[in-house]
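Below is one structure; the comments refer to it alone.
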Amino acid sequence: MQRKMDHSKVSDSHARYQILAKLRARAGATSNAPTRKPESGQSPPIQFQSADEFAATASRNGALVAFAASEQDALQTVKTLSEENDWRQPPTIAPELLGSDANRHANRLWRRASANPTPAGSVAVTRAFCGIRDTGTLLCLATAEQPGSWNFLAEHHVVLLDKGCIVMGKADAWRLLTQKQLPQKQLAQKQPARHRAIHLISGPSRTADIEQTIQLGAHGPRTLTVILLG
Amino acid sequence: MKNNHMPDQAKRPPTAALYITCLANSLRPEIGHACVQLVESLGFKVDVPLDQTCCGQPGYNAGHRDQAIAVAKTQITALQGYDWVVVPSGSCAGMIINHYPRLFDQDTDWLERATRLAARTRELCQFLEEQGWHPGTRPQHRTQHAWAYHTSCSCRRETHSHEQGHRLLLKAGIRLAHLHDQEVCCGFGGTFAAKFDPLSSRMGQKKLAAIEQCSATGVTSADLGCLLQLQSLDRSGLSFCHIAELLAGTNATERQS
Amino acid sequence: MNKHGANGFAAQSQQALDDTALQSALGHAQSGFVKKRAQAIAMVDEFEQLKANAQAAKRQALANLAPLLEQFEQNLIRNGGEVHWAQTPQELNATVMAIARNANGRRIIKGKSMIGEECELNAALESAGFDVVESDLGEYIIQLAKEPPSHIIAPAIHKTRQQVAELFRQYHALGERGLDAISDLVGEARTVLREAFLTADIGITGANVLVAENGSIALVTNEGNGDLSATLPRVHIVVTSIEKVVASMEDASLILEVLARSATGQHMSAYTSFYSGPRQAQDPDGPDQFHVILLDNGRSEMLGTPFEPMLNCIKCGACLNHCPVYTNVGGHAYGWVYPGPMGSVLTPLLQGLDAALPLPNASTFCGRCEEVCPMGIPLPDLLRQLRAQQHEQKREPRRWRWGLTLYSRLSRHPRLFSWNLRLSRAMLRWLPQRAWPNQRTPIRPSGDTTFLEQWRTRAQNGLKNAAQNGPQQGK
């Protein structure tokens with residue numbers, strides 16, 4: 001086994017050399033080598049956007065939008081939604097949202113579980129890093145407390161988003177991630193030097209692969225609910 | 001190379017050369033007469049240079065670049081010295097306006113001549129609207145036929161004059177039926193129609209189905225190629241008429257009705 | 001792939017025109033994609049500006065491909081990932097298999113990847129004894145049907161719901177489950193594939209963009225299948241190609257702004273994820289190994305040539321959806337994995353001119369593909385240049401070569417040309433119906449002679465006529 005791998009490494013490095021050499025040789029022939037203007041000086045401070053407009057663009061994507069004053073209210077909303085919509089399973093909730101260790105044990109990972117790990121009516125509740133108004137998109141980070149797979153495994157995904165953390169476009173969202181312009185609550189999420197995954201979520205899972213007819217819940221959540229906090 | 005005299009209003013009327021296109025020249029000469037009448041009605045002295053042949057598009061689109069260059073030189077020479085060159089086809093006008101200059105990117109002298117010709121060349125509808133054409137004293141009754149206006153792909157995407165054609169038709173009192181999917185090709189595509197006849201036919205039949213759906217009894221377009229493509233596939237007895245004839249009021253179908 | 005490949009286009013397109021199920025399936029596609037794209041673009045203030053931004057980001061990346069790829073590699077290695085390079089599909093397939101064997105993996109779940117299709121990766125893996133399951137619904141359907149994709153973003157667009165139901169009945173243990181509605185079909189696939197996600201050792205996905213500044217890959221899906229493939233298995237292998245790299249997250253987002261709008265008419269696809277490497281100590285999930293394989297397969301040869309703009313392609317499929325040829329014959333007629341206008345350019349460039357002689361000619365040059373292309377690729381012009389290559393290498397059919405040459409020659413001699421037209425008029429006047437293709441009625445010339453002849457006569461009699469008749473009125 002190991003020897004085969006080594007062999008492929010060798011041919012790999014030959015391929016690497018060949019490809020890069022060709023690209024270098026041809027880069028000179030490229031007529032359209034443009035140079036965009038370098039960003040001059042400091043970029044302006046990020047303008048935060050209104051929650052109502054985000055609510056509008058997110059609903060356009062097929063997300064349900066609710067409002068809550070606090071995290072406690074939001075969890076109450078999840079409870080109400082579960083009862084109204086027959087979400088039969090107890091929700092899996094990101095520990096940071098629970099505010100204490102009390103329910104952490106309930107949050108076992110679904111990954112590689114033996115029995116059917118995501119039964120009908122399963123619910124995941126997570127917090128978004130920020131919202132992107134333009135496209136009604138939630139930026140969710142894979143973190144120690146919010147595994148990336150939670151965004152995809154449950155039938156119903158509920159995402160809490162702070163009203164004060166909505167930016168205009170993706171560029172502002174990247175700046176939020178990489179700069180120090182973070183609202184207090186997001187600082188906790190920002191800790192690692194690298195996030196294994198950044199998920200931009202714009203609506204529930206969908207497919208139109210059969211006769212161009214849109215169907216929700218192809219592989220991921222059938223519903224996406226955004227609860228705007230604050 | 002002759003000097004390109006700028007129009008001198010006081011001394012002589014501005015001149016316009018009609019570039020008739022090989023299709024109209026050989027198959028529908030009446031289009032040429034309609035064009036002459038339309039352009040003359042705007043006060044231009046119309047000439048039809050007898051040395052014009054074909055814009056060279058068949059060879060050019062087949063990738064015969066050298067031959068296209070030779071043909072283009074013949075046309076550039078035949079069309080020099082006029083204030084304007086008017087072309088009753090988006091396809092051939094687009095060839096002269098957009099593609100001739102690109103043929104001579106290695107030849108500064110001819111590039112200059114091609115660029116100058118391109119600047120003076122207009123698709124018919126483009127020219128008529130720019131020059132403020134109006135139907136004049138011709139009775140402006142609404143026409144008997146409801147016409148479907150097929151905006152050819154080349155008027156739409158080469159000369160960008162399809163909306164001008166539409167406005168001119170309305171101005172002339174032509175009753176227009178609302179045609180769906182106007183931006184879809186009729187399937188002509190020059191040699192494409194011969195190389196891929198079944199496919200070209202299906203595309204044409206779909207266009208005809210859309211025309212029937214809008215209850216038009218006639219089809220008009222600024223490109224004769226499209227009209228001939230559709231006419232050869234028509235089974236329901238539609239009238240086919242170039243936009244020049246409709247605007248000039250010289251179309252037989254409308255005159256009878 | 002199709003038996004005759006791209007060179008069978010004429011016969012394959014005829015077959016497609018006669019296939020009523022296919023024609024019905026294509027009908028849905030035409031209206032769906034076109035309308036949704038138009039609506040999405042109408043809702044954006046400055047789509048032209050978004051296009052220009054995306055094109056600028058891509059142009060800059062193409063001008064710096066080698067350094068950007070090295071930067072990407074360096075950063076990904078720093079993140080704990082591995083980068084592999086492949087000049088050919090064979091090298092890519094061999095690398096995938098070596099990684100899989102090394103990780104003792106047998107069960108593979110795949111997210112849709114056009115690079116995988118280009119390399120015929122599934123066939124290679126299956127013949128080497130791996131279990132491969134496609135997880136994109138459309139890809140899964142065509143995997144069951146043992147067919148290549150017929151569209152780059154909607155692989156099973158040629159299938160009707162009845163045909164899909166038939167496939168599921170054949171391959172699934174259905175029990176009580178019904179398959180009458182489209183939602184039943186989607187639910188059925190969800191149930192079966194969820195099991196495959198949870199038990200797979202290895203996940204293979206493509207990538208839409210590679211980000212040099214942080215070594216991330218961006219993956220865009222609507223179903224979430226790519227993310228499950230990237231997150232649940234122990235090993236994640238990304239099969240992608242060298243032209244997908246851009247400098248920064250900002251440049252990547254400029255491309256994302258136009259991708260979904262052009263593809264499905266969404267402002268964003270449901271899921272766009274950036275993956276930067278394997279799981280770290282604090283990560284509760286994610287793969288232990290993260291590999292990116294960079295394929296060249298002829299792309300570096302396009303750089304610095306007139307075909308370089310084709311490297312701008314972000315595989316959105318807008319040119320397919322708006323092409324009057326594609327929408328009438330579907331993807332399989334094109335004979336390889338890339339159909340429509342982008343395929344007619346890419347197939348001869350990647351497979352060789354001789355492997356796809358009809359494709360560059362199978363266009364009316366209506367120009368709609370270029371109009372809708374978010375990356376500003378001059379597709380008709382590239383097709384024309386491929387025709388020129390065929391001409392230079394004497395690969396076009398002889399009758400067209402000589403016929404068009406004769407016509408061009410005549411066009412340089414006005415008098416000869418005029419005789420030729422008069423001759424053609426006479427022929428067309430008398431040509432019998434049977435000389436025309438089946439569905440067509442003959443076109444007959446009108447008038448007595450050509451317009452130029454009439455004008456010459458008028459000019460000769462001009463003075464006389466003017467004196468007798470007053471101003472000329474038309475004919």
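Naming: A, B, ... by sequence-line order, numbering from 1 per chain.
Put simply, CZ on B/Arg202 and OG on C/Ser13 are 10.5 Å apart, with the number rounded to the nearest 0.5 Å. Taken from CZ in B/Phe196 to OG1 in C/Thr364, the straight-line distance is 11.0 Å, to the nearest 0.5 Å. Summarising the geometry, atom CD belonging to C/Gln454 is positioned 3.5 Å from atom NE2 belonging to B/His33; distances are rounded to the nearest 0.5 Å.
Side-chain contact between C/Phe365 and B/Phe192 is absent, with no heavy atoms from C-beta onward closer than 4.5 Å. Using a 4.5 Å heavy-atom cutoff, the side chains of B/Val48 and C/Phe451 are in contact. Side chains of B/Ser201 and C/Arg440 form a contact here, defined as non-hydrogen atoms less than 4.5 Å apart. Taking 4.5 Å as the limit, every side-chain heavy atom of B/Thr74 sits out of range of all side-chain heavy atoms of C/His413.
Heavy atoms of B/Thr191 lying under 4.5 Å from chain C belong to its backbone as well as its side chain. Contact of B/Val36 with chain C is made through the side chain alone, with heavy-atom distances under 4.5 Å. Of the two parts of B/Ser200, the backbone and the side chain both hold a non-hydrogen atom closer than 4.5 Å to a non-hydrogen atom of chain C. Using a 4.5 Å cut-off between heavy atoms, C/Arg409 makes no contact with chain B at all. Residue contact with chain B, scored on non-hydrogen atoms closer than 4.5 Å, is absent for C/Ser418. For B/Leu50, the parts sitting under 4.5 Å from any heavy atom of chain C are the backbone and the side chain alike. At a 4.5 Å heavy-atom cutoff, the contact between B/Leu18 and chain C is made by side-chain atoms alone. In this structure, chain B has a heavy atom under 4.5 Å from the side chain of C/Ile443, while its backbone stays farther away. Both the backbone and the side chain of C/Ala362 come within contact range of chain B, with heavy atoms under 4.5 Å apart. Neither the backbone nor the side chain of C/Glu370 comes within less than 4.5 Å of any heavy atom of chain B. The contact between B/Lys206 and chain C is made entirely by side chain atoms (from C-beta outward), counting heavy-atom distances below 4.5 Å. Both the backbone and the side chain of B/Ala193 have a heavy atom closer than 4.5 Å to some heavy atom of chain C. Contacts of B/Asp47 with chain C are made by both backbone and side-chain atoms, with heavy-atom separations under 4.5 Å. Looking at C/Glu371, only its side chain comes within 4.5 Å of chain B, counting heavy atoms on both sides.
Side-chain atoms of C/Asn328 do not come within 3.5 Å of backbone N or O of B/Leu199 as any donor-acceptor pair. For the pair B/Thr53 (side chain) and C/Ser411 (backbone), a donor-acceptor distance under 3.5 Å is present. Of the possible polar contacts, one joining the B/Arg157 side chain to the C/Cys366 backbone as a donor-acceptor pair under 3.5 Å is found. Of the possible donor and acceptor atoms, none in the side chain of B/Ser26 sits under 3.5 Å from a partner among the backbone N and O of C/Arg422.
Taking non-hydrogen atoms and a 4.5 Å limit, the residue list of residues 374-393 of chain C in contact with chain B, ordered by number, reads C/Asp381, C/Arg384, C/Arg387, C/Ala388, C/His391. Proximity to chain B at a heavy-atom threshold of 4.5 Å picks out C/Arg425, C/Leu428, C/Pro437 from residues 423-437 of chain C, in numerical order. Close approach to chain C, defined as a heavy atom under 4.5 Å from one of its heavy atoms, is seen in B/Leu228, B/Gln229, B/Gln231, B/Ser232, B/Leu233, B/Arg235 of residues 227-237 of chain B, taken by number. Interface residues of residues 54-66 of chain B toward chain C, defined by a heavy-atom distance below 4.5 Å and sorted by number: B/Cys54, B/Pro58, B/Gly59, B/Tyr60, B/Asn61, B/Ala62, B/Gly63, B/His64.
For the set B/Arg156, B/Gln75, B/His99, B/Glu158, the count of heavy-atom pairs under 4.5 angstrom toward chain C peaks at B/His99.
Looking at every heavy atom in both residues, B/Cys22 comes nearest to C/Phe417 through CB-CZ, 3.9 Å.
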